[in-house]
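Notes follow the structure.
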Amino acid sequence: MERFKARLVAKGYNQRPDVDYQQTFSPIVKPTTIKTVLSLAIMHSWDLRQLVVNNAFLNSELAETVFIVQPPWFKDLSKPDHVCRLKKAIHGLKQAPRAWYTALKTVILQLGFHNCKADSSLFVYSKGSNLCYLLIYVDDLVITGNNTLLMAQII
């Protein structure tokens, strides 16, 4: 075995609404939106790229204050009842998908995209003759457009 992998996962099923979290959200593009964007890509012979963001939920700051019990391998035996405060989201938290979407949306909007009002998981870039569509499905992204160089820059 070359290396070991470990993942800290919160027991989100223990979280209570309005006590431990206020809002949840998972970025899932609507099936109609997917069909429409894929149809445009096929009709115009545009390149289509699919991206997976590894450890997406681990890259976002939490808006709320969240505490978890000490992980078994990180337990301070002199203070066994102390807890850990999370600064970033981890897998299993009810807040993690929303925090990830908020961080991703901020970056995408800074790139010049506009968020679609009918589907919050569709972003459209339109400058001059350049057109680009970006679809978000949790931690998967699909990008297509009429300018391959622009798509490469965005990726």
Side-chain angles (χ1 to χ4, degrees), residues 1-18 20-68 71 84-155:
M1 187 175 291
E2 290 183 28
R3 67 181 189 176
F4 294 97
K5 283 187 171 186
R7 179 184 291 173
L8 178 61
V9 178
K11 295 178 181 177
Y13 55 82
N14 286 336
Q15 290 183 289
R16 297 166 306 208
D18 297 324
D20 298 315
Y21 62 93
Q22 298 300 316
Q23 296 177 327
T24 62
F25 176 77
S26 190
I28 298 173
V29 67
K30 295 177 181 176
T32 306
T33 306
I34 295 171
K35 290 177 188 176
T36 304
V37 171
L38 292 179
S39 296
L40 284 170
I42 291 168
M43 286 178 9
H44 297 290
S45 300
W46 292 343
D47 281 352
L48 192 65
R49 301 276 187 246
Q50 190 263 338
L51 311 163
V52 177
V53 180
N54 292 324
N55 299 319
F57 291 170
L58 306 179
N59 293 319
S60 49
E61 301 285 332
L62 288 170
E64 304 89 1
T65 303
V66 178
F67 295 97
I68 62 168
C84 298
R85 180 178 180 192
L86 298 178
K87 293 184 179 182
K88 293 199 172 208
I90 61 173
H91 292 279
L93 281 181
K94 301 282 188 191
Q95 299 94 325
R98 183 177 194 81
W100 157 243
Y101 175 78
T102 302
L104 180 63
K105 180 180 176 180
T106 301
V107 171
I108 292 171
L109 294 177
Q110 288 173 354
L111 292 173
F113 281 84
H114 298 281
N115 201 191
C116 178
K117 291 181 181 173
D119 190 337
S120 59
S121 293
L122 170 64
F123 292 85
V124 179
Y125 180 93
S126 178
K127 295 264 168 70
S129 63
N130 294 323
L131 187 60
C132 190
Y133 295 99
L134 182 66
L135 302 171
I136 301 172
Y137 189 90
V138 187
D139 60 352
D140 293 315
L141 310 174
V142 174
I143 186 168
T144 189
N146 64 355
N147 187 330
T148 308
L149 294 175
L150 174 64
M151 286 174 46
Q153 284 179 327
I154 292 168
I155 292 171

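For this chain, numbers begin at 1 and follow the sequence in order. Scope of the values below: all heavy atoms of this structure, side chains included, with no hydrogens, waters or symmetry mates.
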Closest heavy-atom pair and its distance - [X], [Y]:
| X | Y | result |
| --- | --- | --- |
| L109 | F113 | CD2-O, 3.3 Å |
| M151 | I143 | CE-O, 3.7 Å |
| E61 | K87 | OE1-O, 3.4 Å |
| W100 | V138 | NE1-O, 2.8 Å |
| Y133 | V37 | CB-CG1, 3.9 Å |
| I28 | S121 | N-OG, 3.3 Å |

CA sep, side-chain torsions, deciding dist, call: I136, I108, side chain to side chain contact (heavy atoms under 4.5 Å, CB included): CA-CA 11 Å; I136 301 172; I108 292 171; 3.8 Å; yes
Can you check whether V53 reaches L104 side chain to side chain, under 4.5 Å on heavy atoms? no
L40 versus T144: any side-chain heavy-atom pair under 4.5 Å? no
Once you round to the nearest 0.5 Å, how far does [atom1] of [X] lie from [atom2] of [Y]?
| X | Y | atom1 | atom2 | result |
| --- | --- | --- | --- | --- |
| S39 | I34 | OG | CD1 | 11.5 Å |
| L135 | Q50 | CG | CD | 11.0 Å |
| L134 | C116 | CG | SG | 12.0 Å |
| N146 | L131 | CG | CG | 5.5 Å |
| N130 | L150 | CG | CG | 5.0 Å |
| R85 | L62 | CZ | CG | 9.5 Å |

Greater than 12 external heavy atoms within 6.0 Å of K127's NZ: yes
State which residues pass side-chain hydrogen bond (donor to acceptor under 3.5 Å, both in side chains) with T33; sequence neighbours excluded, sorted by chain then number. D119
Who passes side-chain hydrogen bond (donor to acceptor under 3.5 Å, both in side chains) against D139, sequence neighbours left out? none
Check whether any side-chain N or O of K30 sits under 3.5 Å from a backbone N or O of A118 as a donor-acceptor pair, and report yes or no. yes
Evaluate the ring planes of Y101 and F123, with Trp represented by its six-membered ring, and classify them as parallel (under 30°), tilted (30 to 60°) or perpendicular (over 60°). tilted
Under the ring-ring contact (aromatic ring centres under 6.0 Å, His included) test, residues paired with H44 that sit two or more places apart: W46
